[in-house]
Amino acid sequence: MTDHANTPDTTVTRRGLLAGAGALVIGFSLPLSGRRGALAAADDGPVWKTSDEAAQINAWLRIGPDGSVTVVTGRSEMGQGPTTALPQALAEELGVPMDRVTFAMSPVDPAYNNTLFGAMITGGSTSVKSDFEQMRRAGASAREMLKAAAAEKWGVDAAELKVENGTISHAHHSATFGELAGAAAEMEAPKDVALKKPADWTLIGTDVKRLDTHAKATGQATFGIDVVVPDMLHAAILQAPTFGATLESVDAKPATDMKGVAQVVELDDAIMVLADTWWTADQALSKLSPKWTGGAEDLDDAKVDRVLTEGLDAAEAAQAVSEGDADGALSGAAKTVEATYSAPYLAHLTMEPMTATADVRADKAELWLPTQAQTWTAGAVAKAVGLKPEQVTIHTTFLGGGFGRRAEQDFALQAAQASKAAGRPVKLVWSRPQDVRHDFYRPASKVRFTVGLDEDGLPMAWKARVCCPSIAQRMLPSMIKEGVDPFAVEGLTERAYALPADRSITYVMPELAVPVGFWRSVGHSQNGFFMEAMIDELADAAGMDPLEYRRKLLPQDSRHRRVLDAAADAIGWSEAPAEGRHRGIAVHESFGSIAAEAIEVSVDGDNKVTLHRASACVDCAVAVNPNIIRQQMESALVYGLTAAMFGGVSLKNGQVQEGNFDRIDVMRLRHMPPVEVRIIAEGDAEMGGIGEPGTPPAAPALVAALRRATGKPIRSLPLTAEGFTFG
Amino acid sequence: MALTLNMTVNGKARKVTVESNALLSDVLRVNLGLTGTHVGCDTSQCGACTVHVDGVSVKSCTMLAAQADGATITTIEGLAAPDGTLHPMQAAFKEHHGLQCGFCTPGMVMSAVDLARCEPNASEEQIREWLEGNICRCTGYHNIVKAVKTGLTDMQSGGKVAAE
Ligand code: FES
Ligand code: FES
């Protein structure tokens with residue numbers, strides 16, 4: 001067995017934060033006492049190095065005697081880059097070059113809450129937006145404290161000091177941040193600090209290299225499945241295959257008879273085998289023949305389709321948008337276009353399977369896991385094992401993908417229960433089939449549009465009926481207002497286009513036993529497709545070029561129009577595509593940013609599709625690290641395309657049929673077309689998000705291109721179910 | 001049945017006692033603590049677990065550890081020089097940001113290094129084909145291709161390497 005510990009330590013401890021600090025006064029500069037050394041961590045993970053001598057300047061920042069700067073962040077790193085972009089923002093104000101900067105994940109503490117959610121959550125494309133000002137203030141505040149320390153030391157006026165490259169200087173003096181850090185930590189944090197004007201930024205807005213690539217390219221980065229805690233057992237899990245079923249009984253003997261197996265743990269709806277290696281645990285699990293009972297056995301694809309269709313036809317519905325008289329206006333329309341769209345349940349398919357390591361004791365619990373929701377996890381674990389949230393310590397590892405799936409707590413609770421039962425630390429890792437079959441899926445959804453067009457083919461009456469299972473019902477019930485789940489209709493109700501004054505959007509909340517949750521871009525993921533595919537059909541009905549049609553519906557000065565034009569320009573829209581090639585374009589706003597994408601395809605006689613090129617443009621108002629934004633736009637495009645091409649799980653007897661990558665395909669290298677990404681970051685709009693906005697336009701752009709190529713309407717996803725294959 | 005296996009892993013002689021059905025991926029990760037080798041599917045479909053056995057890339061989730069008895073194994077942890085100097089392929093992935101969450105990266109890098117053995121001058125097309133069995137759920141793949149291209153070139157020039 002291994003003897004080395006691989007436990008990333010969240011280098012700042014709760015005890016350290018609270019010790020002597022009195023009440024936790026949460027401002028930009030959390031007062032910390034016992035500074036030098038008191039917060040040093042034991043057992044640093046390989047990535048998050050600190051030194052015993054490091055001085056904690058404020059909650060977000062520690063400076064080592066060698067001048068190295070560690071930025072502490074509560075935003076989880078799942079590839080989207082906050083552990084580079086946020087330190088970059090801090091370093092801008094601090095005045096230190098990025099090659100001296102590293103990062104550490106924070107403990108669970110209100111100081112590290114996402115300022116937009118009031119909890120430690122990484123989601124909603126908010127990481128940089130949430131912490132941007134806080135980070136800059138932390139950097140500026142630390143800079144002033146360093147200056148104050150230098151001024152005191154040299155007996156000079158702080159205003160005369162120069163700060164550059166991690167050094168403070170005066171006519172005859174010079175000292176590095178490292179030399180001053182200890183004294184700076186004793187200085188009063190300034191009440192208010194002036195932040196640089198955007199025009200003076202030298203780091204923000206530049207392609208700073210990611211801080212996490214070295215650890216990731218060398219195998220040193222600790223992901224959830226890599227955690228090693230001394231004396232831990234490895235757990236594999238089998239969950240009730242039918243949604244809603246529970247465990248009736250299981251004979252554990254075939255498993256416990258196996259060498260290396262320590263224990264079988266029964267949960268209400270799952271069995272876990274604990275063993276000395278994961279493979280042993282999984283093999284033992286396969287020897288068991290559990291009896292499950294109940295659950296939604298009558299649930300299958302046909303039922304989902306029927307229930308959603310009934311919702312479209314239901315007499316009663318909640319009103320999401322009610323403006324003017326849509327029915328009245330429809331009766332005067334020159335032409336009416338009706339179309340019903342549908343989208344399937346989608347699994348997240350993070351590359352790293354669900355996992356958590358837990359060590360639950362009588363009076364405390366410690367978890368090491370890849371999570372997007374530290375606060376929720378601490379609370380849920382505390383409740384499940386009978387502790388208080390403050391008795392639960394969470395160490396956030398790197399996340400091998402998140403996409404919303406790791407905002408859930410199921411895997412953390414299972415690991416905690418296993419550890420409680422075993423009285424030892426347990427690392428739980430799901431198999432890929434468990435991951436595919438027990439997700440909180442992007443809801444399946446259907447929308448029926450009825451749109452009246454005037455003589456010029458422009459919409460003059462707009463009706464839509466949405467039937468989509470509710471995410472809020474389970475997760476955030478208070479968000480449901482007058483029967484409308486905002487996540488079910490977001491992306492359909494907004495008014496970026498000059499839509500008719502007479503508009504009605506109604507919503508029916510169906511009851512289906514499939515668990516649903518946040519999936520990259522949430523409701524926008526399907527509604528962006530529905531909305532933009534419909535606009536594209538209307539363009540055809542009006543006999544207009546789809547780009548021109550959209551431009552006609554967008555005000556001259558609209559940001560949407562500018563983004564759309566940029567995406568069109570990047571793919572060369574003004575020139576007709578080569579013989580046999582076809583293009584589609586779409587634009588959609590979500591999470592405060594506007595994204596447009598265009599795709600060029602060809603389709604052969606067997607409906608085999610080749611993606612030739614793509615363009616993606618985003619207006620996020622402020623671009624902290626353009627390189628990361630380009631990466632995220634490509635990433636979001638691929639995520640959306642994968643879903644459009646291959647996505648969707650199918651149901652039979654209340655069970656998901658797919659299990660592994662042999663049945664559920666994803667975009668591979670050979671599918672990927674060249675992409676030109678453009679970023680618009682100007683004007684004075686608020687900073688937009690970046691992790692998700694690139695996903696919604698992918699499907700409608702691809703579908704529009706295929707519709708043009710084949711001349712057939714495509715109103716349902718995935719495309720493989722519509723007879724397309726991808727070479 | 002327990003077996004005692006001898007392997008050279010990342011240049012070191014290692015002796016492990018494991019069950020006869022133990023997987024190489026599990027032995028590397030659990031018994032030897034080399035967690036840089038990742039597991040994403042257990043069924044040879046994602047490529048995250050790729051390592052080199054006697055110089056050839058292998059998906060370690062589909063190989064029994066017993067089959068590697070006496071073999072020389074390199075994992076992502078053994079690619080860089082002992083002084084920490086990155087292997088040109090690692091340096092290229094870092095330089096071109098050929099990763100986002102980074103979970104697929106060890107497998108991508110190990111596969112790409114093996115491409116140099118088979119096709120040192122691989123075209124972009126050949127790189128795409130070679131990495132067909134490596135899934136990435138985060139990137140747009142392009143930076144991976146760029147990284148592999150650079151890595152292959154730098155491997156040939158015999159080590160334009162990035163010192164760390
Ligand atoms: S874990 Fe081996 S190929 Fe996926
Ligand atoms: S970088 Fe996340 S799976 Fe490839």
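Note that the structure is predicted; figures quoted are calculated from it, not measured. Chain naming here is simple, since letters A, B, ... match the order of the sequence lines and numbering starts at 1 in each. Just so you know, these numbers use all the heavy atoms, side chains as well, and skip hydrogens, waters and symmetry mates.
With a 4.5 angstrom heavy-atom cutoff, L637(A) does not touch chain B via any of its atoms. Heavy-atom distances place both the backbone and the side chain of L99(B) under 4.5 Å from chain A. If you measure heavy-atom distances from P673(A) to chain B, the contacts under 4.5 Å come from the backbone alone. Contacts of V675(A) with chain B are made by both backbone and side-chain atoms, with heavy-atom separations under 4.5 Å. Residue contact with chain B, scored on non-hydrogen atoms closer than 4.5 Å, involves the side chain of Q283(A) exclusively. Heavy atoms closer than 4.5 Å to chain B are found in both the backbone and the side chain of F661(A).
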Item to check | Stepwise side-chain contact (heavy atoms from CB on, under 4.5 Å) check, E125(B) with R670(A) | outcome: CA-CA 8 Å; E125(B) 205 44 48; R670(A) 74 185 142 91; over 6 Å; no
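When the candidates N143(B), T17(B), V16(B), N21(B) are compared by the number of heavy-atom contacts under 4.5 Å with chain A, N21(B) comes out ahead. Contact count versus chain A (heavy atoms, under 4.5 Å) is highest, among T105(B), L23(B), I127(B), T139(B), for L23(B). Contacts with chain A were tallied for H97(B), R128(B), E19(B), E129(B); H97(B) has the most, counting heavy-atom pairs under 4.5 Å. Heavy-atom pairs under 4.5 Å with chain A peak, among E132(B), M89(B), M108(B), at E132(B). Between chain B and the residues K259(A), K427(A), R630(A), the most heavy-atom pairs under 4.5 angstrom are made by K259(A). Per-residue counts of heavy-atom pairs under 4.5 Å with chain A were compared for T75(B), V109(B), L131(B); the largest is that of L131(B). Chosen from D42(B), L79(B), T37(B), I135(B), the residue pairing most often with chain A at heavy-atom distances under 4.5 Å is I135(B).
Here the side chains of D26(B) and W278(A) are in contact, with some heavy-atom distance below 4.5 Å. Side-chain contact between Q100(B) and M78(A) is absent, with no heavy-atom pair separated by less than 4.5 Å. Looking at heavy atoms from C-beta onward, M351(A) lies in side-chain contact with C46(B) at the 4.5 angstrom threshold. The closest side-chain heavy-atom distance from T222(A) to T35(B) is not below 4.5 Å. Residues F103(B) and I225(A) have side chains in contact (heavy-atom distance under 4.5 Å, counting atoms from C-beta outward). Within the 4.5 Å cutoff, no side-chain heavy atoms of E352(A) are placed close to those of C101(B). Under the 4.5 Å side-chain criterion, counting only non-hydrogen atoms from C-beta, T277(A) is not in contact with R29(B).
Of the charged side-chain nitrogens involved, at least one lies within less than 4.0 Å of a carboxylate oxygen, so that K209(A) and E95(B) count as a salt-bridged pair.
Atom CD of residue Q90(B) and atom OG1 of residue T218(A) lie 6.5 Å apart, to the nearest 0.5 angstrom. The NE2 atom of H96(B) sits 12.0 Å away from the OG1 atom of T213(A) when rounded to the nearest 0.5 Å. The distance from atom CG of D435(A) to atom SG of C41(B), rounded to the nearest 0.5 Å, is 11.5 Å. Interatomic distance, C61(B) SG to R432(A) CZ, rounded to the nearest 0.5 Å: 11.5 Å. Atom OH of Y141(B) sits about 12.0 Å away from atom CD of E634(A), to the nearest 0.5 Å.
Within the 3.5 Å criterion, the main-chain N or O of H348(A) finds a donor-acceptor partner in the side chain of R137(B).
When all heavy atoms are compared, the tightest approach of D662(A) to Q45(B) is N-OE1, 2.5 Å. When all heavy atoms are compared, the tightest approach of G102(B) to F223(A) is C-CZ, 3.6 Å.
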